[in-house]
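Presented below is the structure to which this report refers.
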Amino acid sequence: MKTKLFLNFAILLIILSVFAFSFSCTEKKDRVMTVNGWIDAETMGVTLPHEHIIVDWTGADSFQYGAWDKDSIILAVKPYFDEIKELGCQTFIDCTPSYMGRDPVVYKELSELTGINIIFAVGYYGAIDDKYTPQHAWQESSEEIALRWLDEWENGTHGTGIKPGIIKIGIPFDTTLSELHQKLVRAAASAHLQSGLTIVAHTGPGERAYEVLEILKEEGVSPEAFVWTHALLGTREDHNDIGRMGAWVSFDWVSTEQEDIQQLVENIKNMKDNDLLHKLLLSHDAGWYTIGEPGGGSIRPYTAIFTHLIPAMKEAGFTDDDISLIMEKNPQEAYAVKIRRI
Ligand SMILES: [Zn+2]
């Protein structure tokens, strides 16, 4: 009798823990923030993680949000979105930093017209002689800067209520980090620890990436929360080392030139040979409807990955699983909104 009671009790315990486990699994589902609000990361599908819709080269001092005609931008950019939709792209990440032409209203409209999820950024661009870094960034502390970004995260950008889904910062390629640039990285770390937004940094050569990673470490942020953007400017050794540290390695330049494609395939192959394909991100860094130029100037299409790179990868022996790992699974993990501490 006692044994039977005990058995019943044990069965009940097992059932309860299965319930608790499945409940905690559904609770912890990764999510990303799009211009239309939260979506489950697993529904992102094929993702282009580093592109641009609009750019305004005016500079932070005289930048004015909305000094453009939204409808003409939408009209000019939509065909480029239709093209990638046709090629299977379901999620598009706009990496334009603050003060450089972000327009959440245009993004939302484009997303609604095409059905493509759009995620956009908040953060300051410290490259190009700090022309796009607003004055207050010199005076304020990293905490104060982070609070400005977190205000957008909580309340939306430019009073629209539409929220950014990543932090994007920029540092110069060719010099060691100045005090201001270190501050931007610390601000990104602080904003990450309070929001879970992934830190995407225009970084360039490996030396810069190590500098950023060192600061993130001091601030207690895991390399998993950092996307090393423009990683093609680093060496293959850097790709391997930084990938092994857990950071995301972003190859974000794809042209239609045969020579570029072959070189890129070799770089991707190096990642695969070192079991690091699960840390790789691929995108074009294309688009760029330029404010002030007629019709937005020459907009670069977001298609070379689909039309040139993937066929070349397949020819080089990459499988469909490899490609879906890079184009679908990795972005789900890299851009999930979650706090990643060391
Ligand atoms: Zn870019």
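Start at 1 and go down the list; that is how both ligands and their atoms are numbered. The residues of the chain are indexed from 1 along the displayed sequence.
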Please work out whether the ring planes of Y302 and F92 are parallel, tilted or perpendicular, with thresholds of 30° and 60°. perpendicular
Tell me whether E259 at atom CD has more than 12 heavy atoms from other residues, nucleotides or ligands lying less than 6.0 Å away. no
NZ of K108 to CD1 of I74: how many Å apart, nearest 0.5 Å? 12.0 Å
Indicate, with yes or no, if the rings of F226 and H192 have centres closer together than 6.0 Å. no
Return the set of residues passing side-chain contact (heavy atoms from CB on, under 4.5 Å) with V105 (not counting sequence neighbours), or none when no residue passes. Y65, K70, D103, T160
In terms of the angle between their ring planes, are Y124 and W149 parallel, tilted or perpendicular, with boundaries placed at 30° and 60°? perpendicular
Under 2.8 Å from the Zn ion (ligand 1), the protein N, O or S atoms found are H50 NE2, H52 NE2, D285 OD1
